[in-house]
Amino acid sequence: KRCLEGMKHYSSQQQNDVKLLLFAFLKKQREKLPTVRRIGAWAAALEYIVAKQYGLKLTQLEVASKYEVSPSAVAYHVKKMGQFNHFTKP
């Protein structure tokens, strides 16, 4: 929810892709769900991955600042979830 709140200026398709990415990640990890300590880091990574998928200019530093987390936390979660961004853009 926090991620979608921060992505109100994104299209509904892009917001839906965030949900699809998170669902794919959680479905694959269902046997070994990660502990969520800093929701902002997850939200930042989701936004970053979808922004990159659509060719939007956004750096990990910018999204880390927006969600008040470290760039290294964003990079860590991008790496963990990046393998699940197989949805196709329009």
Side-chain angles (χ1 to χ4, degrees):
K1 183 177 176 181
R2 180 168 179 200
C3 182
L4 293 177
E5 289 172 356
M7 294 182 66
K8 289 184 180 183
H9 60 285
Y10 285 74
S11 73
S12 59
Q13 179 61 48
Q14 291 164 332
Q15 291 180 26
N16 189 55
D17 286 344
V18 165
K19 294 175 194 174
L20 291 174
L21 173 58
L22 182 58
F23 179 74
F25 175 75
L26 293 175
K27 184 177 178 183
K28 186 73 171 179
Q29 300 294 319
R30 68 178 172 259
E31 300 294 324
K32 190 177 169 187
L33 288 174
T35 302
V36 177
R37 291 192 179 98
R38 290 173 285 162
I39 193 73
W42 289 91
L46 286 164
E47 181 173 344
Y48 178 80
I49 291 168
V50 171
K52 288 299 161 186
Q53 186 73 20
Y54 281 86
L56 303 176
K57 290 188 176 190
L58 182 67
T59 66
Q60 289 183 8
L61 181 61
E62 290 169 334
V63 79
S65 178
K66 177 179 177 178
Y67 289 93
E68 299 177 345
V69 296
S70 72
S72 62
V74 175
Y76 173 79
H77 292 298
V78 165
K79 185 176 179 180
K80 277 189 95 126
M81 288 189 289
Q83 61 187 313
F84 299 99
N85 70 344
H86 58 274
F87 54 86
T88 57
K89 58 184 176 180

Next on the checklist: For Leu58 versus Tyr48, what's the shortest heavy-atom pair and its separation?
Outcome noted: O-CE1, 3.3 Å

Item to check | Under the side chain to side chain contact (heavy atoms under 4.5 Å, CB included) test, residues paired with Ala73 that sit two or more places apart | outcome: Arg38, Ala41, Ser70

Checklist outcome for this item: Value for NZ (Lys52) from NZ (Lys57), rounded to nearest 0.5 Å, stands at 9.0 Å

Next on the checklist: If I compare all heavy atoms of Tyr67 with all of Ala43, which pair ends up nearest, and what's the gap?
Outcome noted: CE2-CB, 3.6 Å

Item to check | side chain to side chain contact (heavy atoms under 4.5 Å, CB included) against Leu56, all qualifying residues, sequence neighbours excluded | outcome: Tyr10, Gln14, Ala51, Tyr54

Checklist entry - Which atom names give the shortest non-hydrogen contact between Pro71 and Gln60, and what distance separates them? => result O-OE1, 4.1 Å

Checklist entry - Got a sec, which residues hit side chain to side chain contact (heavy atoms under 4.5 Å, CB included) with Thr59, two or more places apart in sequence or on another chain? => result Leu61, Glu62

